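First up is the structure itself, then whatever we jot down about it.
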2 protein chains.
Amino acid sequence: MAKRRSASAKCCDDASPCVLPSDQSAEQFASLAWALAHPARVRIVRLLISRDTCVCGEIVDEMPLAQSTVSQHLKILKESGLVQGEVDGPKVCYCINPEKLAMLKSLVASL
Amino acid sequence: MAKRRSASAKCCDDASPCVLPSDQSAEQFASLAWALAHPARVRIVRLLISRDTCVCGEIVDEMPLAQSTVSQHLKILKESGLVQGEVDGPKVCYCINPEKLAMLKSLVASL
DNA sequence: GTCCTTTATCGTTGATCGACGATATTATCG
DNA sequence: CGATAATATCGTCGATCAACGATAAAGGAC
């Protein structure tokens with residue numbers, strides 16, 4: 001949602017980036033907020049922060065959701081940049097991206 | 001979205017609150033994040049913070065959106081508790097709810 | 001009382017979310 | 001190479017978002 005806003009006339013023409021005029025920062029903010037706008041994703045992020053060791057499929061076990069659903073949430077988190085995935089054999093280890101997390105904190109703190 | 005999660009089996013039965021098990025805080029977090037998960041709402045919140053005087057329909061002028069759309073966003077912000085509206089004659093003045101804002105900052109900072 | 005202004009609500013439409021099961025993908029192991 | 005395990009992706013479905021225009025509602029002004 002935060003990424004590809006529907007280009008509904010009036011806001012932007014053809015090739016323009018379609019950010020609300022003069023506020024690209026709001027886009028960035030909303031994009032990060034969006035990543036955490038779902039309880040499951042909040043839990044995942046908290047989990048990843050708490051465990052320095054990047055977990056992988058343990059996340060699925062922690063959540064009352066299907067594996068595919070968790071995978072989708074992870075994808076969203078990855079797209080937001082808050083989370084990074086690293087392939088480790090057949091598994092994938094996820095971890096927090098500290099820079100993005102710091103950026104989020106900074107953006108919120110400077111509200 | 002943050003409020004009435006679709007109750008899709010498996011997660012909760014009849015009258016249960018349907019929070020992800022043992023994490024009601026994630027619900028609260030997500031609810032606040034959701035309020036700011038749209039660039040327009042980020043801009044509105046920033047606007048309200050910058051102007052100590054609670055603005056009203058000026059918000060509409062600041063945004064490239066229809067009046068009804070802005071009103072909808074304001075409704076969402078009000079429901080999140082981040083913003084309060086106060087009737088002033090025919091106009092309505094909006095302002096930030098400092099407590100909710102503080103709560104948001106606290107939740108994010110303690111990530 | 002009637003107009004005008006301001007804001008909220010309604011109704012619609014298209015797009016996206018969020019959930020799931022089923023299936024594809026990829027890598028290790030025997 | 002074939003089987004197994006771990007993830008990702010696909011396809012679907014119902015619900016919600018986000019936008020708009022049109023209309024209702026409420027208060028002030030003349």
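Order of the sequence lines sets the chain letters (A, B, ...), proteins ahead of strands, with each chain counted from 1. These figures come from a predicted structure and were not determined experimentally.
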Which nucleotide in the list D:dG21, D:dT7, D:dA19 gets nearest to the side chain of B:Q72?
-> D:dA19
A:K91 atom NZ is separated from D:dA5 atom C1', nearest whole Å, by 9 Å
Rounded distance (Å) that lies between atom P of D:dT7 and atom CD of A:Q84 = 17 Å
Selection from D:dC17, C:dA8, C:dT28 that lies nearest to any side-chain heavy atom of B:Y94 = C:dA8
Output a table of donor-acceptor pairs, distance under 3.5 Å, between side-chain atoms of residues 103-111 of chain A and any protein atom two or more places apart or on a different chain; print 'none' if there are none.
| unit_1 | atom_1 | unit_2 | atom_2 | d |
| --- | --- | --- | --- | --- |
| A:S110 | OG | A:S106 | O | 3.0 |
| A:S110 | OG | A:L107 | O | 3.2 |

With the side chain of A:S71 defined as its heavy atoms from C-beta on, choose the nearest nucleotide among D:dT9, D:dA18, C:dC17.
-> D:dT9
Taking the side chain of A:S68 as its heavy atoms from C-beta onward, which of D:dC20, C:dC20, D:dA6 lies nearest to it?
-> C:dC20
So does A:Q67 reach the base of D:dA6 with its side chain, donor to acceptor, closer than 3.5 Å?
-> no
Among C:dA8, D:dA8, C:dA19, which is the nearest nucleotide to the side chain of B:V92?
-> C:dA8
Could you please name the option among D:dC20, C:dG18, D:dA18 that lies closest to any side-chain atom of B:T69?
-> D:dC20
Give the rounded distance in Å between these two atoms: CD of A:E79 and P of C:dT16.
-> 13 Å
Out of curiosity, B:H38 NE2 to B:L77 CG, how far, rounded to the nearest 0.5 Å?
-> 11.0 Å
Could you walk me through whether B:R41 and B:S80 pass the side chain to side chain donor-acceptor pair (under 3.5 Å) test, one step at a time?
-> CA-CA 11 Å; B:R41 295 197 287 270; B:S80 81; over 6 Å; no
Where the side chain of A:K75 is concerned, which of D:dA6, C:dG21, D:dT9 is the nearest nucleotide?
-> D:dT9
For D:dC17, does OP1 or OP2 lie under 4.0 Å from any side-chain N or O of B:H73?
-> no
d(NE2, A:H38; C1', D:dC17) in whole Å = 14 Å
To the nearest angstrom, how far is B:W34 atom CH2 from D:dA18 atom C1'?
-> 9 Å
Taken to the nearest whole Å, CD1/A:I76 to P/D:dT7 is 18 Å
In Å and rounded to the nearest 0.5 Å, what is the OH to CD1 distance from B:Y94 to B:I59?
-> 7.5 Å
Contact check, side chains of B:K78 and B:Q84, non-hydrogen atoms, under 4.5 Å = no
Across the strands shown, which category fits B:L74 at heavy-atom distances under 4.0 angstrom: base, sugar-phosphate, nothing?
-> nothing
Separation of atom CD in B:E86 from atom P in C:dT6, rounded to whole Å = 19 Å
Using atom NZ of A:K78 as one end and atom P of D:dT9 as the other, report the distance to the nearest whole Å.
-> 6 Å
